[in-house]
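Let me begin by presenting the structure, written as structure tokens, before commenting on it.
Remember, predicted model here, so these are calculated numbers, not experimental data. Computation of the quantities below employed the complete heavy-atom set of this structure, encompassing side-chain atoms and omitting hydrogens, waters and symmetry-equivalent molecules. Reminder, nothing fancy here: chain letters follow the sequence lines and each chain counts from 1.
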There are 2 protein chains.
Amino acid sequence: MMLRLSTKGQYGVRAMYEIAKGYPETPVTIKEISEKQEVSVAYLEQILNKLRKANLIKSIKGPGGGYLLNKSPDQVSIAAILNELEGPVAITSCLNPEEGCVRVDSCVTHLLWKALGEKVEAFLSTITLKTLISGDLYKIKEIS
Amino acid sequence: MMLRLSTKGQYGVRAMYEIAKGYPETPVTIKEISEKQEVSVAYLEQILNKLRKANLIKSIKGPGGGYLLNKSPDQVSIAAILNELEGPVAITSCLNPEEGCVRVDSCVTHLLWKALGEKVEAFLSTITLKTLISGDLYKIKEIS
DNA sequence: TAAAACCCTACCAAATTTGTCAAGTATTAG
DNA sequence: CTAATACTTGACAAATTTGGTAGGGTTTTA
Ligand code: FES
Ligand code: FES
């Protein structure tokens, strides 16, 4: 199966969707997310922890607490969420800023993977949590 | 690193590029591919075997033998190559024809991953071995 | 002060990736 | 005929990634 997204990324987006529904005032607990999206509490903790450290969400402790979006849903792109959970889009490790590649100049495919990555990134940047909430996903063919 | 392509897919495309350069008459040996693309002979054997069974290339045994493209380079898309080596584009396992998902109807993200997969597939279908050989990759932004 | 809720680190099993190895079979040049 | 060339096949294994679980914290508020 080509170009798979890990469950961490998938669950992360679904969790952010639940949190976004509480915006701007109602904290959403991990337990609620866990029940609605059918993902274990322990696994969600890891995921939300990363997103909190990236300032995409904030947490409120104690009874009545939970998670809240830091920005409005239309300002949180899917690309931003996945970027935190899975690192940057990089089809090959040659494109990974941390790794690089010595063959890059003579490589016939380098530009191809780079272009593909950029297209994916551009697409995921146009989709936000608001797109998901408003059910406008069926329109994305027009967005291109 | 998000949406990584396995080395099998990467090496496969690079091997096909070498074979395409011999089109339509000159067989290219595994050894040549191995040297030019810096991939072990044993690993290439596995990869080329798959591509041969998929009828993308044919093999000629014995001295003077090697591999030949079955179709002209402009008729072999990158999508076709990767499809054989890595299976269909499927961002999530829910989109994998062999697996499926029970939550698909109530899932807020299903359409998103589906649309992304289709965009990727469409893009990779427009790029062929001829694109690589002719060095037209810098044009792909215009291709869209 | 007890319950609610988040925080953090360590650990683990299974799957996938990324190959290697060894022993074939088929073809042809000479 | 035969030796060299070149592809064919299947088994196997190390390394990495994935997809979590476990279990103990800490903070807040009713
Ligand atoms: S092998 Fe690294 S850029 Fe192609
Ligand atoms: S969980 Fe399977 S389609 Fe979203």
Looking at [N], I'd like to know if its phosphate oxygens (OP1 or OP2) sit under 4.0 Å from a side-chain N or O belonging to [X].
X: A/Ser59; N: C/dC6; answer: no
X: B/Tyr67; N: D/dT8; answer: yes
X: A/Ser40; N: D/dT21; answer: yes
X: B/Arg52; N: D/dT8; answer: yes
X: B/Ser6; N: C/dT16; answer: no
X: A/Tyr11; N: D/dT18; answer: no

Answer yes or no: is there a donor N or O on one side and an acceptor on the other, between the side chain of [X] and the main chain of [Y], under 3.5 Å?
X: A/Ser34; Y: A/Val39; value: yes
X: B/Gln10; Y: B/Leu5; value: yes
X: A/Thr29; Y: A/Gly66; value: no
X: A/Thr109; Y: A/Leu112; value: no

Quiz item: Got a sec? Which of residues 22-39 of chain A come in under 4.0 Å of DNA chain D, heavy atoms?
Solution: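 Here the set is empty: none.
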With [X], which residues qualify under side-chain hydrogen bond (donor to acceptor under 3.5 Å, both in side chains), at least two apart?
X: A/Glu38; answer: B/Arg103
X: A/Ser134; answer: A/Asp136
X: B/Lys8; answer: B/Gln46

Exercise. For A/Met1 and for A/Asn49, find the nucleotide of DNA chain C with the closest heavy atom, then tell me which residue's nucleotide is more 5'.
Key: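 Comparing both residues, the 5'-ward one is A/Asn49.
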Self-check item: Pairwise side chain to side chain donor-acceptor pair (under 3.5 Å) hits with a residue in residues 82-102 of chain A, at least two apart
Solution: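 Output for this query lists A/Ser6-A/Glu86, A/Asn96-A/Glu99.
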Self-check item: Summary of side chain to side chain donor-acceptor pair (under 3.5 Å) pairs that have at least one residue in residues 48-57 of chain B, sequence neighbours excluded
Solution: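 Applying side chain to side chain donor-acceptor pair (under 3.5 Å) to every pair that reaches into residues 48-57 of chain B, excluding sequence neighbours, yields B/Asn49-B/Arg52.
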Quiz item: If you group Ile, Leu, Val, Met, Phe, Trp and Tyr whenever their side-chain heavy atoms sit less than 4.5 Å apart, what else falls in with A/Leu68?
Solution: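 Same cluster as A/Leu68: A/Ile60.
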Can you check the [X] [atom1] to [N] [atom2] distance for me, whole Å?
X: A/Tyr43; N: D/dT17; atom1: OH; atom2: C1'; value: 11 Å
X: A/Gln10; N: D/dG19; atom1: CD; atom2: C1'; value: 11 Å
X: B/Leu44; N: D/dT9; atom1: CG; atom2: C1'; value: 16 Å
X: A/Lys53; N: C/dC6; atom1: NZ; atom2: C1'; value: 12 Å
X: A/Lys8; N: D/dT17; atom1: NZ; atom2: C1'; value: 10 Å
X: B/Leu48; N: D/dA6; atom1: CG; atom2: P; value: 15 Å
X: A/Lys50; N: C/dT9; atom1: NZ; atom2: C1'; value: 14 Å
X: B/Leu5; N: C/dT16; atom1: CG; atom2: P; value: 16 Å

Quiz item: Where along residues 97-109 of chain B does a heavy atom fall under 4.0 Å from DNA chain C?
Solution: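 Residues of residues 97-109 of chain B under 4.0 Å from DNA chain C: none.
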Exercise. Within residues 75-94 of chain B, find the residues that approach DNA chain C with a heavy atom at under 4.0 Å, and present them sorted by residue number.
Key: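 None, since no heavy atom is under 4.0 Å.
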Quiz item: Excluding sequence neighbours, so at least two apart, what forms salt bridge (Lys or Arg N to Asp or Glu O under 4.0 Å) with B/Lys21?
Solution: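 Salt bridge (Lys or Arg N to Asp or Glu O under 4.0 Å) list for B/Lys21, sorted by chain: B/Glu18.
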Polar-atom pairs under 3.5 Å, protein N or O versus N or O of nucleotides 21-30 of chain C: list them with distances, or write none.
unit_1: C/dA26; atom_1: O4'; unit_2: B/Lys61; atom_2: NZ; d: 3.1

Quiz item: How many angstroms lie between atom CZ of A/Arg14 and atom CD1 of A/Ile47, to the nearest 0.5 angstrom?
Solution: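 Output value for this atom pair is 9.5 Å.
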Quiz prompt | Shared hydrophobic cluster, B/Val41 / B/Leu48 (ILVMFWY, side-chain heavy atoms < 4.5 Å) | solution =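 Yes, B/Val41 connects to B/Leu48 through the hydrophobic network.
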Practice problem: Could you pull out the closest heavy-atom pair between B/Leu51 and B/Gly12, with the gap in Å? | Solution: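 The answer is CD1-O, 4.4 Å.
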Quiz item: How would you list all residue pairs meeting ring pair (Phe, Tyr, Trp, His ring centres under 6.0 Å) that involve residues 40-68 of chain A, not counting sequence neighbours?
Solution: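 Matches after skipping sequence neighbours: A/Tyr11-A/Tyr43.
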